[in-house]
Amino acid sequence: MKKILLLVACVLGLSACNMTGGQQQDAIQQERDSLQRIINEKDMELDDILGVFNEVQEGIRRINEAEGRVTIAEGNPESASSKDVIRDNMDFIKQAMQQNRDMIAQLQEKLKNSSIKNTKMQKTIESLQAQIDAQSARIQELEASLAEKDALIESQGEAIAGLSNDVASLTEENKQKTEKVQQQDKELNSAWFVFGTKNELKEQKILTKGDVLKSSDFNKDYFTKIDIRYDKDIKFYSKNAQLLSSHPAGSYQMTKDSQGQYELHITDPQKFWSVSKYLVVLVK
């Protein structure tokens, strides 16, 4: 700029030597106007270049902010909100970086076609390009890290799903085993009793020729099923009752209630039912 002003001043001086006073004044004014146009044009060029330059710097700043948000959210990639933050900011970064590349290209083109030849400005643009390249490298590393974590999370998800299926299968298997054990336990602790008159017991083939339960086809449905762990008292609703089935002495008591009707109190269930799980009582 200083060289341009010096050159214009020299031209004005030489022209003034060969002209009259009025002519000199007109020539000087024309040269001044021309010089002012040159200055205005260069100011416009400079403002245009600086405007783009500032936009690139602002783009770099916003990319750095977005990169920071991604890095923070990356610490908890499993969270749905963190995934949204990462996705939105990565989309913004890619768009902003492309815009910055386009604007750097514009700066290079403007400076190339400009009458302003400024080495310092060229170095500044090269510095901006280096910053963008560094950002691009960091973003590529960040994308690779996110992809690795996504793969790890997917793998962990598959493993967890497999474990969940295994747990569900084991739970169902254990449930079935528990039910089976409970059923077996219930069967082991099940017993059956019946009381009736001689004719009733004969009709059900429970009593055959004076023998109890000798027939293989006696009516089992005629018996009442009980749990020997809990059912220890049986009422016969009769004032005359006699045990026909075999049960160890000392494991039970036959007593009468307030109405004189017999009832059985089993004092040692394991011993009482050790001989037979069927209790047959003859009543009258």
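Being a predicted model, the structure only gives us computed values, none of them experimental. Only this structure's heavy atoms are used, side chains among them; waters, hydrogens and symmetry mates stay out.
Within the 3.5 Å criterion, the main-chain N or O of Asn165 finds no donor-acceptor partner in the side chain of Ser169. The closest donor-acceptor contact from the side chain of Ser136 to the backbone of Ile132 lies at 3.5 Å or more, if one exists at all. For Ser238 (side chain) and Val283 (main-chain N/O), no donor-acceptor pair under 3.5 Å exists by modelled atom type. Checking side-chain atoms of Asp185 against main-chain N and O of Val181 turns up no donor-acceptor pair under 3.5 Å. Between the side chain of Gln129 and the backbone N or O of Ile104, no donor-acceptor pair lies under 3.5 Å. Of the possible donor and acceptor atoms, one in the side chain of Asp257 sits under 3.5 Å from a partner among the backbone N and O of Gln261.
A side-chain donor-acceptor contact under 3.5 Å links Ser245 and His247. Asn199 and Thr197 share no donor-acceptor pair across their side chains, judged by distance under 3.5 Å alone. No side-chain N or O of Gln95 forms a donor-acceptor pair with one of Asp91 less than 3.5 Å apart. Side-chain polar atoms of Glu187 and Gln183 form a donor-acceptor pair below 3.5 angstrom. A donor-acceptor pair shorter than 3.5 Å can be found between the side chains of Asn64 and Arg138.
Among Lys235, Lys232, Lys239, Lys256, the single residue meeting the salt bridge (Lys or Arg N to Asp or Glu O under 4.0 Å) criterion with Glu263 is Lys235.
Within a 6.0 Å sphere centred on CD of Gln270, heavy atoms belonging to other residues, nucleotides or ligands number 12 at most. Within 6.0 Å of NZ in Lys271 there are more than 12 heavy atoms belonging to other residues, nucleotides or ligands.
No single ILVMFWY cluster, assembled from side-chain heavy atoms under 4.5 Å apart, contains both Tyr252 and Val275.
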Do Tyr262 and Phe236 pass the ring-ring contact (aromatic ring centres under 6.0 Å, His included) test, and can you show the C-alpha distance, the side-chain angles, and the key distance before you say yes or no? CA-CA 6 Å; Tyr262 275 98; Phe236 301 124; 8.0 Å; no
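Hydrophobic cluster of Trp192: the remaining members, joined at side-chain heavy-atom separations below 4.5 Å, are Val194, Leu201, Ile206, Leu207, Val212, Leu213, Phe218, Tyr222, Phe223, Leu244, Tyr278, Val280, Leu282, listed by chain and number.
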